[in-house]
2 protein chains.
Amino acid sequence: MYLSSSVETRSFRELCADHGLTATHQRQVLYEVMQTMPGHPSPEEVYARVKKRIPAISLATVYKNIHLFVERGVLKEVSMHHGSLRVELNSHLHHHMVCSHCKAITDIEEKDLGVLPALQRLPGGFQVERYAIDVIGICAACQKTKRS
Amino acid sequence: MYLSSSVETRSFRELCADHGLTATHQRQVLYEVMQTMPGHPSPEEVYARVKKRIPAISLATVYKNIHLFVERGVLKEVSMHHGSLRVELNSHLHHHMVCSHCKAITDIEEKDLGVLPALQRLPGGFQVERYAIDVIGICAACQKTKRS
DNA sequence: CTAGTAAACGATAATTATTATCGTTCGTCA
DNA sequence: TGACGAACGATAATAATTATCGTTTACTAG
């Protein structure tokens, strides 16, 4: 298995170089497939698509590369994923700061966020219940620990 | 097993009545335990605490009641949970509308949200990477389907 | 206060999602 | 081209969640 040398390939190799990734055929197909999936696919859905072009690919490879891509900023996860459901009492209005490194969740008061989005007419007759804002970044502890 | 008739119990029964739930001992303890957990506990963590007061309780009961409480608005989930990881290409700035009924995710442009939160000094030296805003509500399709 | 009935419970099997392991193959660089 | 670490594929293992089902409980009417 080898990489072709088309224009698309060249730019994919650049993308990998920019993000410190080695360029493999699997990663290229995964990336190209993602470009054809405008929604918010799950790993299984991505796997199904990639499998059409690389029938021998392993689901584990898809998972590993999705995580790598997210880590390096090529992909992002749609809502923060904490491994398990997290709940809280539905009391006063507040939002969350989530550490993208250690996944720790801290409350933040709505007023500390500054100006809030105004409730407007939203597309498609969507009936708004509430906003949930995640401020994603690196917590103080992980900043000290340096580098991921 | 029976319910005591303390003041706390009376208000818990009211809470259940308000949310259309039958008042059971397990639910009362679950609710009281949640009041002592200010963070963002997982079902397992809640289970561990509840088990101290009701050693015979089943993990399944904790899951079932957490879901019920979330459904009826007594609890809320910290980040939307889609059953599996969801990813998207990290392209232009946008956020998401999430249907709390069918969990469908739709993109929404940042400008369509109205005013955005201003980046301010955040508590604890948290270094912000980005905001992720979920507009939670009921999508048009689920509004037609009426009532959950 | 007691019986009837639907809802809730507990135990546990089953399912889903994700991660770890490990022997083989590939990509990079000298 | 050859060495070596990274990535891959297969698959076992783990973690999280849900389904099933027989028993018990809460609510209502009498």
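Quick note on labels: first sequence line is chain A, next is B, and so on, each numbered from 1.
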Whole angstrom value for the distance that separates [atom2] of [N] from [atom1] of [X]:
X	N	atom1	atom2	answer
B/Tyr47	D/dA15	OH	P	16 Å
B/Leu21	D/dA26	CG	C1'	13 Å
B/Leu59	D/dT17	CG	P	9 Å
A/Ile57	C/dC26	CD1	C1'	14 Å
A/His25	C/dT25	NE2	C1'	14 Å
B/Lys64	C/dC9	NZ	C1'	6 Å
B/Glu44	D/dT14	CD	P	16 Å
A/Glu77	C/dA17	CD	P	16 Å

Non-hydrogen atoms of B/Val98 and A/Phe126 that approach each other most closely
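The pair with the smallest heavy-atom distance is O-CZ, 3.4 Å.
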
[X] side chain N/O closer than 4.0 Å to the phosphate oxygens (OP1, OP2) of [N]?
X	N	value
B/Thr22	C/dA6	no
A/His82	D/dA16	no
B/Arg27	D/dT25	no
B/His67	D/dT18	yes
B/Gln26	C/dG10	yes

From [options], nucleotide with atom closest to [X] side chain:
X	options	value
B/Pro43	C/dT19, C/dA11, D/dT17	D/dT17
B/Tyr63	D/dA16, C/dA8, D/dC27	D/dA16
B/Thr24	C/dT18, D/dA26, C/dG27	D/dA26
A/Ala60	D/dT17, C/dA20, D/dT20	C/dA20
B/Ser84	C/dT21, D/dT18, C/dA17	C/dA17
A/Ser58	D/dC8, C/dC9, D/dA10	D/dA10

Taking the six-membered ring for Trp and the full ring for Phe, Tyr or His, determine whether the centres of B/His82 and A/His40 are under 6.0 Å apart.
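Between B/His82 and A/His40, the centre distance exceeds or equals 6.0 Å.
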
Given side chains that start at C-beta, do those of A/Lys76 and B/Arg130 come closer than 4.5 Å, heavy atoms only?
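Yes, at least one pair of side-chain atoms sits under 4.5 Å.
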
DNA chain C: B/Gly83 or B/Ala56, which has the more 5' nearest nucleotide?
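Counting from the 5' end, the first nearest nucleotide belongs to B/Ala56.
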
Residue from A/His94, A/His92, A/His95 passing side chain to side chain contact (heavy atoms under 4.5 Å, CB included) with A/Glu110:
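So, applying the side chain to side chain contact (heavy atoms under 4.5 Å, CB included) to A/Glu110 and each of A/His94, A/His92, A/His95, only A/His95 qualifies.
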
Under a 3.5 Å distance rule, please check whether B/Gln143 uses its side chain to pair with a backbone N or O of A/Gly125 as donor and acceptor.
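Between the backbone of A/Gly125 and the side chain of B/Gln143 there is a qualifying donor-acceptor contact (under 3.5 Å).
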
